[in-house]
J.: 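Encoded as structure tokens, here's the structure I'll be asking about.
All ligand and atom numbering here is 1-based and tracks the order in the structure.
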Amino acid sequence: MDDEVHLVWLKRDLRLRDHRCFHEVGRRCAMGHKMLAVYVYEPIVYQAPEFDVSHLYFLNECLLELREGLRRLGGELLILRGEVVRVFEQVRRHFGVTHLWAHEENGNATTFDRDLKVAAWAREQGVLFQEFPQNGVIRRLSDRDGWAERWNRRMQQDVMQIPALMHSPEVRHTGDILDAAALGLVDREMVERQVGGEDEAHEVLESFLYHRGTRYRSEMSSPVTAYDACSRLSPYLSFGCISVKEAYRIGRARLSQIKVGEVPLGTVTVWKQSLRSYLSRLRWHCHFMQKMEDQVDIDCVNIARAYDGLRGENQEMLERWAEGRTGYPMVDACMRAVKATGWLNFRMRAMVMSFASYHLWLDWRETGLVLARYFVDYEPGIHWSQVQMQSGTTGINSVRVYSPIKQAVDQDPEGVFIKKWVPELAEVPVAYIAQPELMPAMEQTFSQCLIGEDYPRPIVDHQLAYRDAQRRIRAIRTIPEARVEAQQVYQKHGSRSSRRHKRSS
Ligand SMILES: Cc1cc2nc3c(=O)[nH]c(=O)nc-3n(C[C@H](O)[C@H](O)[C@H](O)COP(=O)(O)OP(=O)(O)OC[C@H]3O[C@@H](n4cnc5c(N)ncnc54)[C@H](O)[C@@H]3O)c2cc1C
């Protein structure tokens, strides 16, 4: 019995609370077994085109906190680097590992194949490998019917507490947290980036549920207000610093507290609406991840194949879009902001994606990769489903082409966000901030912004590009085979929620 050594393999579950593996292993430590946690910097992950140094910073902050937390309990975290099966074999030989514990990862084909290799290695070596779900995503799901009920049942389960004590074997070299240079990644400056870690996750959630959340519904769409009004929980959920279940349970508990006297006068209704919206988005979180779990290649093929071959490549347009030099101030501000901070609100994510796919007619695989690198909260299942949804290639979602001009007028009427991120436009009068190219020559001189020199002319004509995109997509939508395929896609991926929740499909 005492010889059993349990290895907890950490991937995107970087927390101590509500962690099924630590929970199980903690119980065994109480019976005299030993445990080791391990995180492996895998080349297949950090060299992948979607990986960015911002993900590494966030990850390293989580690892630092987790290592300290485990040590306080008597446990140890190994931080190693290499191909995971090779690393595990070395660890097995050195420590006599008998059990391997992990959470299911709902990733793309690369991580899915690696998980299969680990399972095969464990079988060959007689290591008992146990994997658990850590959210509402269901592995080997046969049908979407009843999915929401199953999700609800998962969310009702108890939150698992941190084990009281752990024991690790003596470890001489625990491995180092590796920086960008050590992993051969290009470093870059960021501002206002969210900091990783479980403590930070709980602080962010608390500030949302007790203070910031009151403005969630009314302020989530504008990038001027959304940085503060949205929960900002996304990177913590993506790296597993907090489980979806715990984020949900804490949110529900707070909702049940909201009554007259508990919150400022006149805010009961807005608080309740905000918290309900937040809670339903946690279901969307898993709903979208389920799509990649059910179809692992949605990061490289159109969900509806009727749209194959639709778009092409244009390196110059891709670069101008990625760097925020399109001549559309709202698009440029968003792209520069998300590159610098690692976060953007939903509506603006949808707008920049829609602009790349419809106005610039760029292939979503390339543009999706740019955004995956920019988003600190990159979550493959949500990301690629949304990328395809905003590009019109799912076959089941209504085609929504955002106007970058209208979004600027509606969401940033004073030009606050635009002027912050596109300083060339700082002196441009508000009347022209959505379309600075309309400024008369004199105005351009006064505002020190010569169009075509200091700030680019619009990369494409909005009206022409918009109409052309609608025509091309509609031409495919009406083909009978495309309609049949759309039915099949709905059967596989469509939300069965009530009409009230239809937006999530
Ligand atoms: C093109 C595109 C790409 C996206 N890529 C990602 C991604 O890689 N990772 C990611 O977490 N979200 C992604 N989203 C969804 C959404 O924009 C973010 O989840 C949200 O903006 C994160 O901010 P928040 O945590 O403050 O969200 P809140 O609005 O406070 O919502 C709370 C949580 O609910 C979930 N959620 C909210 N909106 C959605 C949604 N539309 N779909 C699925 N889950 C949602 C998230 O986990 C979020 O943290 C993408 C959206 C688009 C349009």
J.: Could you tell me which atoms of ligand 1, counted from 1 in the order shown, lie closer than 4.0 angstrom to a heavy atom of Ala350?
T.: 53 (C)
J.: For Tyr216, take its heavy atoms, then give the atoms of ligand 1 lying under 4.0 Å from any of them.
T.: 28 (P), 29 (O), 30 (O), 31 (O)
J.: Check whether the ring centres of Tyr236 and Phe58 lie less than 6.0 Å apart, and answer yes or no.
T.: yes
J.: Is it the case that the side chains of His287 and Arg144 hold a donor-acceptor pair, with the cut-off being a distance below 3.5 Å and no angle test?
T.: yes
J.: Can you tell which of Ser357, Gly251, Ser231, Gly213 gets a heavy atom nearest to atom 30 (O) of ligand 1?
T.: Ser231
J.: May I ask which of Glu379, Arg281, Met348 has a heavy atom nearer to atom 36 (N) of ligand 1 than the others do?
T.: Arg281
J.: For ligand 1, which atoms, with element, lie under 4.0 Å from some heavy atom of Trp343?
T.: 22 (C), 23 (O), 26 (O)
J.: Would you say the rings of Tyr248 and Trp151 are close, in the sense that their centroids are separated by under 6.0 Å?
T.: yes
J.: Any Lys/Arg nitrogen of Arg188 or Asp52 sitting under 4.0 Å from an Asp/Glu carboxylate oxygen of the other?
T.: yes
J.: Of the listed options (Arg283, Arg212, His287, His383), which comes nearest to atom 5 (N) of ligand 1 when hydrogens are ignored and any heavy atom counts?
T.: His383
J.: May I ask you to identify, for Ile382, whether its side chain, its backbone, both or neither come under 4.0 Å of ligand 1 on a heavy-atom basis?
T.: side chain
J.: Between Phe355 and Tyr328, does the ring centre distance come in under 6.0 Å?
T.: yes
J.: Can you tell me which portion of Leu344 lies within the under-4.0 Å heavy-atom range of ligand 1? Options are side chain, backbone, both, or neither.
T.: backbone
J.: If only atom types and distance count, is the side chain of Glu65 paired as donor or acceptor with the main-chain N or O of Asp199 below 3.5 Å?
T.: yes
J.: Number the atoms of ligand 1 from 1 as they appear, then name those within less than 4.0 Å of a heavy atom of Tyr378, with their elements.
T.: 8 (O)
J.: Using a strict 4.0 Å cut-off to heavy atoms of Phe375, name the atoms of ligand 1 that fall inside it.
T.: 3 (C), 4 (C), 5 (N)
J.: Specify side chain, backbone, both or neither for Phe346, according to which of its non-hydrogen atoms lie closer than 4.0 Å to ligand 1.
T.: both
J.: Using heavy-atom distances, let me know which of Arg349, Gln388, Met353 sits nearest atom 13 (C) of ligand 1.
T.: Arg349
J.: Identify whether the distance between the nearest side-chain nitrogen and carboxylate oxygen of Glu246 and Arg154 falls below 4.0 Å.
T.: no
J.: Scan side-chain atoms only and decide if Tyr39 and Arg67 contain a donor-acceptor pair under the 3.5 Å cut-off.
T.: no
J.: Which of these, Val376, Asp377, Val204, Val352, has its nearest heavy atom closest to atom 10 (C) of ligand 1?
T.: Asp377
J.: Against heavy atoms of Ser234, which atoms of ligand 1 measure under 4.0 Å?
T.: 11 (O), 22 (C), 23 (O), 25 (O), 49 (O)
J.: With atoms numbered from 1 as shown, which atoms in ligand 1 lie under 4.0 angstrom from a non-hydrogen atom of Leu233?
T.: 25 (O), 49 (O)
J.: Can you sort out which atoms of ligand 1 are near Leu237, meaning under 4.0 Å from one of its heavy atoms?
T.: 47 (O), 49 (O)
J.: Tell me whether Met220 reaches ligand 1 (any heavy atom closer than 4.0 angstrom to a ligand atom).
T.: no
J.: Using a strict cut-off of less than 4.0 Å between a Lys/Arg side-chain nitrogen and an Asp/Glu carboxylate oxygen, indicate whether Lys117 and Asp113 qualify as a salt bridge.
T.: no
J.: Would you say Arg212's side chain and Asp228's backbone share a donor-acceptor pair under 3.5 angstrom?
T.: yes
J.: Checking the side chain of His19 only, and the main-chain atoms of Ile162 only, is there a donor and an acceptor separated by less than 3.5 Å?
T.: no
